[in-house]
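The structure appears below as structure tokens.
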2 protein chains.
Amino acid sequence: MTIEHVAPAPRMKAADRRELILEAATAVFGAKTYVGTTTDEVARAAGVSQPYVVRLFGTKEKLFTAVIERAYSRLIGEFRRALPGDPEGRAERMGAAYTGLLAERGMLPVIANSTALGGEPVIGRVARAGFSDIWRFIRDEAGFSPEESREFIATGMLINTIVGLRLTGDYGNEVSATEVLDACFPDAVAKVRALLPQVDEPW
Amino acid sequence: MTIEHVAPAPRMKAADRRELILEAATAVFGAKTYVGTTTDEVARAAGVSQPYVVRLFGTKEKLFTAVIERAYSRLIGEFRRALPGDPEGRAERMGAAYTGLLAERGMLPVIANSTALGGEPVIGRVARAGFSDIWRFIRDEAGFSPEESREFIATGMLINTIVGLRLTGDYGNEVSATEVLDACFPDAVAKVRALLPQVDEPW
DNA sequence: TGTTCAGGTAATCATTCGATAACAACCAAG
DNA sequence: CTTGGTTGTTATCGAATGATTACCTGAACA
């Protein structure tokens with residue numbers, strides 16, 4: 001635990017502090033994976049003490065599930081805002097909404113990593129629920145056909161993989177990485193690239 | 001550490017023992033994620049002592065990278081065996097090779113999880129290298145077009161996600177899981193479903 | 001102006017877990 | 001046989017880290 005005598009954090013309503021910690025936690029968990037990050041790192045990123053993080057969320061696991069739930073919730077919110085308008089461009093707008101959310105620190109890696117945690121008893125349930133919500137939204141609210149849904153989700157998973165692997169960092173330097181990105185995002189390479197390198201930036 | 005007085009493991013050539021441990025480690029890492037599994041669990045799954053696992057591989061991290069390298073290597077091996085024959089059915093045969101490898105304990109979750117670990121300095125390099133090898137194989141040896149490659153990989157990532165989330169098996173009734181599966185694998189639902197539930201079975 | 005409670009910290013504990021050391025049995029070669 | 005390398009073990013350490021406890025402090029309100 002880092003002992004770092006510091007002026008107490010300025011007073012704040014617990015709800016606001018919670019949101020602030022969730023934002024910081026998203027960034028840290030996103031950069032270092034669930035088990036790889038300590039509650040102390042989250043606390044320092046949020047500018048509070050480690051015990052306070054634990055007290056506000058109960059356990060590290062609960063903190064993480066809160067982060068995941070928030071991420072999926074935000075994602076659906078973005079999708080919903082992209083809904084109205086010409087039905088023709090709906091998929092494009094929703095895709096843009098997705099990449100838009102990527103700009104938020106840690107948001108995408110958290111979502112991407114969550115899909116690999118189905119084996120964890122508690123976290124897995126939350127991750128499945130989040131994914132199911134997305135799927136239902138796409139089918140019911142957005143009205144995608146099965147084939148459209150599959151295509152849309154698959155593209156999202158591909159983005160997740162590319163970001164998860166940090167392949168964007170190798171673009172231009174490594175042949176295969178360059179090729180993968182060119183093949184997967186013929187139109188949007190620049191956009192995807194511009195958004196993602198910052199994923200690991202120190203907090 | 002589990003103290004469990006046990007008759008010494010029967011003697012074996014170190015190379016064979018290594019392979020045996022790698023197989024066991026694949027199953028355990030696949031079921032519980034990298035940081036979630038202990039070297040002691042791997043050791044017990046392999047029927048040897050924990051310190052011996054560490055000594056054979058140096059560190060837990062090196063053990064895991066060995067597991068990943070082996071997984072991608074096996075995967076390319078399977079793909080290569082599916083290559084000869086009518087070029088028309090090549091993609092189908094390779095897909096079958098993939099799902100075939102899934103039957104091996106932990107193999108798929110290890111590959112799937114590896115794509116989320118690009119942020120780890122050492123493991124990330126290995127994961128990227130493995131993915132790049134697959135990509136190069138698909139382009140160069142299998143001769144897929146960019147669009148075919150993208151489609152092929154995307155489908156694989158979708159499978160990874162579904163398995164990673166454990167949308168199959170016992171959890172299948174929990175959510176719209178069957179719907180996801182039906183939409184994503186209209187032809188192969190039965191096959192995929194039959195293969196995957198066993199991912200987490202106790203070792 | 002006292003008092004009460006929410007917001008927050010410092011100190012410390014209890015485990016867990018990867019790693020190390022030291023030792024023991026087996027087998028092959030000279 | 002005995003000697004040396006290989007295969008393995010038991011015992012134990014040390015660091016990391018999530019959680020707990022006890023305490024402090026500022027403001028709102030009577």
Side-chain angles (χ1 to χ4, degrees), chain A residues 1-25 28-29 31-67 117 120-123 203, chain B residues 1-25 28-29 31-67 117 120-123 203:
Chain A
M1 230 91 313
T2 310
I3 315 107
E4 187 179 322
H5 281 246
V6 140
R11 286 225 159 191
M12 214 177 202
K13 301 280 293 192
D16 298 340
R17 188 66 79 185
R18 256 184 83 95
E19 174 61 21
L20 198 152
I21 292 178
L22 282 177
E23 191 183 329
V28 181
F29 280 130
K32 314 190 61 175
T33 78
Y34 170 54
V35 214
T37 85
T38 70
T39 54
D40 187 56
E41 289 172 303
V42 172
R44 276 186 289 157
V48 297
S49 67
Q50 179 264 343
Y52 194 40
V53 170
V54 173
R55 209 175 65 179
L56 275 185
F57 291 89
T59 67
K60 178 188 177 185
E61 193 175 59
K62 285 180 185 169
L63 166 61
F64 189 62
T65 57
V67 165
L117 294 174
E120 310 285 324
V122 178
I123 299 173
W203 175 260
Chain B
M1 231 90 314
T2 311
I3 313 105
E4 189 179 318
H5 282 247
V6 140
R11 284 233 159 187
M12 213 177 206
K13 299 282 292 191
D16 298 339
R17 188 66 77 183
R18 258 185 82 95
E19 175 61 22
L20 198 152
I21 292 177
L22 282 177
E23 191 183 328
V28 181
F29 280 129
K32 313 189 62 173
T33 78
Y34 170 54
V35 216
T37 86
T38 70
T39 55
D40 188 56
E41 290 173 303
V42 172
R44 276 186 289 158
V48 296
S49 68
Q50 179 263 343
Y52 194 41
V53 170
V54 172
R55 210 174 65 180
L56 275 185
F57 291 89
T59 67
K60 179 189 176 184
E61 193 175 58
K62 285 181 185 169
L63 166 62
F64 189 61
T65 56
V67 165
L117 295 173
E120 311 285 324
V122 177
I123 299 173
W203 174 260

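Hydrogens, waters and symmetry mates are skipped; everything else that's a heavy atom, side chains included, is used. Everything numeric in this text was worked out from a predicted model, so none of it was measured. Residue numbers start from 1 in every chain, and the chains themselves are labelled A, B, ... in the order their sequence lines are given, proteins ahead of strands.
Atom-to-atom, CZ of A:R44 to P of C:dT9 comes out at 14 Å; the value is rounded to the nearest Å. Spacing between atom CG of A:D16 and atom P of C:dG8 amounts to 10 Å, rounded to whole angstrom units. If you take NZ of B:K13 and P of C:dA28, they are 9 Å apart, rounded to a whole angstrom. Distance, B:K62 NZ to C:dA19 P: 9 Å, rounded to whole Å. The interatomic distance linking B:E61 (CD) with C:dA19 (P) rounds to 9 Å, in whole Å. Regarding B:E41, its CD atom lies at a distance of 13 Å from the C1' atom of C:dG18, rounded to whole Å. Counting to the nearest Å, the C1' atom of D:dG8 and the CE atom of B:M12 are 13 Å from each other. The separation between B:R18 atom CZ and D:dT7 atom P is 12 Å, rounded to whole Å.
Using a 4.5 Å heavy-atom cutoff, the side chains of A:K13 and A:D16 are in contact.
The side chain of B:K60 approaches C:dG18 more closely than any other nucleotide in the set C:dT9, C:dG18, D:dT7. Set against D:dG26, D:dA19, C:dA25, the side chain of A:T59 has D:dA19 as its closest nucleotide. For B:Q50, the side-chain atoms get nearest to C:dA19 when compared with the rest of C:dG8, D:dT7, C:dA19. The listed nucleotides are D:dG18, C:dG8, C:dC17; the one nearest the side chain of A:T38 is D:dG18.
Taking all atoms of both residues into account, the shortest heavy-atom contact from B:K62 to B:F57 is CB-O, 3.2 Å. Between B:T33 and A:E120, the closest heavy-atom pair is CG2-OE2, 3.6 Å.
Counting atom types as modelled, A:R11 pairs no side-chain N or O with a base atom of D:dA27 as donor and acceptor under 3.5 Å.
Side-chain N/O atoms of B:Y52 include one lying less than 4.0 angstrom from OP1 or OP2 on D:dG8. For the pair B:R55 and D:dG8, the criterion of a side-chain N or O lying under 4.0 Å from OP1 or OP2 is not met. Within the structure, every side-chain polar atom (N or O) of B:T39 is placed at least 4.0 Å from both OP1 and OP2 of C:dC17.
Residue whose closest nucleotide on DNA chain D sits further toward the 5' end, between A:P51 and A:G36: A:G36.
Rounding to the nearest 0.5 Å places CZ of A:F29 at 10.0 Å from CG of A:L22.
Stacking of B:K60 on the aromatic ring of B:Y34 is recorded, both the 6.0 Å distance cut-off and the 45° axial limit being met.
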